[in-house]
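Below is one structure, written out as structure tokens; the observations come after it.
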Amino acid sequence: MCGIAGIASTDPRPEYLSATEKMAAAIRHRGPDSTAVQDFGCCALANTRLAIVDLSERGRMPMCNEDASVWITYNGECYNAHELRPQLVSQGHQFRSTTDTEVILHLYEEYGERCVERLRGMFAFAIWDTRAKKLLLARDRLGIKPLYYSIDSQKILFASELKALLGSDLLPRKLDPAGIRAFLQLGHIPAPWSAVQNVKPLEPGSIAVWQNGAFKQAGTGSCLLPLRPHLANRRSKSWTRFVACWWNRVASNSCRTYPSRCF
């Protein structure tokens, strides 16, 4: 578990950097191994890291590509990183670490916003493209990793937790009646609401792009299998294929530096 946060604005102000540092401090518990903030003037990215893959300093975030034109702050795990890395190397990309974070960086260089379609895993990340002055937010298809954002006419704030957005001191601390009503009725607050006014969760399986004050959001497609009654028959070939596929996914999750355990 890591924590991500940041601000992008069409009107850069010194207080935005300090606000980003406050957001990072509010989610320090998500990443006890390192905390860092990277300032680009019109954007600032923050990360609190829990080191799982590549425990060295090469895995520190925010992380950049070879020429520092693309930066990422990332929370999650890409299960097929070991498959994507050789492909990217063959396309001329150079790696400095063994992290899955760097794989996503180079995927963005190669495929842009559609890089998310090639990922299998649980993730929430933000990429700042310094040349295009563009911020990309992305969240995994099941919404395992959290990501909240708030936008107005000049800026966008994002973070792994609501407390980080409130900790920036840039948002009013006002409850959202629709979100509270949903919680009382359902026991949780589904997207597109949250407990705080003008704050929304990025919906599962979605990306969002902020550029020069313009904001757009799009889905990346579902990874859910259709429900078929005959899968309940364990003797069927379909069930056998399903179990084989499931075990393959379990095995692909074993890419972390620490040893795996069952409990």
Side-chain angles (χ1 to χ4, degrees), residues 2 4-10 38-47 53 59 61-149 151 155-160 200-223:
C2 299
I4 68 174
I7 301 175
S9 173
T10 57
Q38 187 71 31
D39 182 30
F40 308 98
C42 54
C43 177
L45 300 180
N47 185 272
V53 179
M61 293 182 279
M63 180 184 291
C64 66
N65 63 342
E66 300 97 325
D67 62 1
S69 62
V70 180
W71 289 75
I72 186 173
T73 180
Y74 170 67
N75 171 32
E77 192 169 353
C78 175
Y79 302 149
N80 60 330
H82 62 288
E83 300 172 9
L84 296 170
R85 183 184 295 268
Q87 300 173 19
L88 293 166
V89 170
S90 68
Q91 292 168 326
H93 296 279
Q94 299 178 358
F95 286 81
R96 296 188 295 266
S97 72
T98 59
T99 63
D100 49 343
T101 310
E102 197 171 5
V103 170
I104 298 175
L105 262 179
H106 295 312
L107 272 180
Y108 174 81
E109 288 185 283
E110 200 68 34
Y111 303 106
E113 298 167 14
R114 303 196 66 174
C115 66
V116 184
E117 298 173 4
R118 298 174 179 268
L119 299 176
R120 294 203 312 267
M122 53 179 181
F123 53 82
F125 63 80
I127 290 178
W128 176 249
D129 189 324
T130 62
R131 293 173 178 169
K133 297 292 189 293
K134 178 172 69 175
L135 179 71
L136 170 67
L137 303 178
R139 191 177 179 199
D140 65 81
R141 294 171 180 85
L142 294 180
I144 299 173
K145 295 299 182 180
L147 184 56
Y148 296 89
Y149 68 91
I151 56 175
K155 64 183 179 299
I156 178 171
L157 289 75
F158 67 89
S160 296
K200 296 182 178 181
L202 185 64
E203 297 192 30
S206 295
I207 63 170
V209 176
W210 183 95
Q211 188 174 26
N212 298 322
F215 179 82
K216 64 177 182 179
Q217 185 173 340
T220 60
S222 174
C223 67

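Keep in mind that this is a model prediction, so the values were computed, not measured.
Counting heavy-atom neighbours within 6.0 Å of K134 NZ, excluding the residue itself, gives a total above 12. The neighbour count for R114 CZ, taken as heavy atoms of other residues, nucleotides or ligands under 6.0 Å away, does not exceed 12. Heavy atoms of other residues, nucleotides or ligands lying less than 6.0 angstrom from CD of Q91 number more than 12.
Between the side chain of T73 and the backbone N or O of A126 there is no donor-acceptor pair closer than 3.5 Å. Not a single donor-acceptor pair under 3.5 Å links the side chain of D100 to the backbone N or O of A81. In terms of modelled atom types and a separation under 3.5 Å, the side chain of H106 and the main chain of Q94 share a donor-acceptor contact. A side-chain donor-acceptor contact under 3.5 Å links H82 to the backbone of Y79. Judged purely by atom type and a 3.5 angstrom limit, N47 has no side-chain atom pairing as donor or acceptor with the backbone of C2. For E102 (side chain) and S97 (main-chain N/O), a donor-acceptor pair under 3.5 Å exists by modelled atom type.
At least one side-chain heavy atom of C64 sits less than 4.5 Å from a side-chain heavy atom of R96. Between L105 and Y74 the shortest side-chain heavy-atom distance does not fall below 4.5 Å. In this structure, the side chains of Q87 and E110 stay at 4.5 Å or more apart for every pair of heavy atoms. Put simply, the side chain of K133 reaches to within 4.5 Å of the side chain of W128, judged on heavy atoms. Proximity of T101 to V53: side-chain heavy atoms (C-beta onward) are nowhere separated by under 4.5 Å. Inter-residue side-chain proximity for V103 and N80 is flagged as unmet; no heavy-atom pair is nearer than 4.5 Å. In this structure, the side chains of P204 and L142 stay at 4.5 Å or more apart for every pair of heavy atoms. Between W71 and M61, every side-chain heavy-atom pair lies at or beyond the 4.5 Å cut-off.
A pairwise comparison of heavy atoms in Q38 and P62 identifies CB-CG, 4.0 Å as the closest pair. The nearest pair of heavy atoms linking T10 to G213 is CG2-N, 3.5 Å. What you find for L147 and A124 is that their closest heavy atoms are CB-CB, 4.1 Å. Closest approach of A132 to Q211, counting heavy atoms only: O-NE2, 2.8 Å. D140 approaches G143 most closely through the heavy-atom pair OD1-N, 2.7 Å.
Between E77 atom CD and I144 atom CD1 the span is 10.5 Å, to the nearest 0.5 Å. How far CZ of R139 is from CZ of F123: 10.5 Å, rounded to the nearest 0.5 Å. We find the CG-CD1 distance between L107 and I127 to be 8.5 Å, quoted to the nearest 0.5 Å. We find the CZ-OG1 distance between R85 and T99 to be 6.5 Å, quoted to the nearest 0.5 Å. For the atom pair CZ (R118) and CD1 (I104), the distance works out to 14.0 Å, reported to the nearest 0.5 Å. Note that CG of N212 is 8.5 Å distant from SG of C42, once rounded to the nearest 0.5 Å.
Centroid-to-centroid, the aromatic rings of W210 and F158 stay 6.0 Å apart or farther.
Screening L137, L202, V209 for a side-chain contact (heavy atoms from CB on, under 4.5 Å) involving Q217 leaves a single residue, L202.
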Report task. Evaluate the criterion side chain to side chain contact (heavy atoms under 4.5 Å, CB included) for residue pair F125 and L119; output intermediate values, then yes/no. Result -> CA-CA 12 Å; F125 63 80; L119 299 176; 3.9 Å; yes

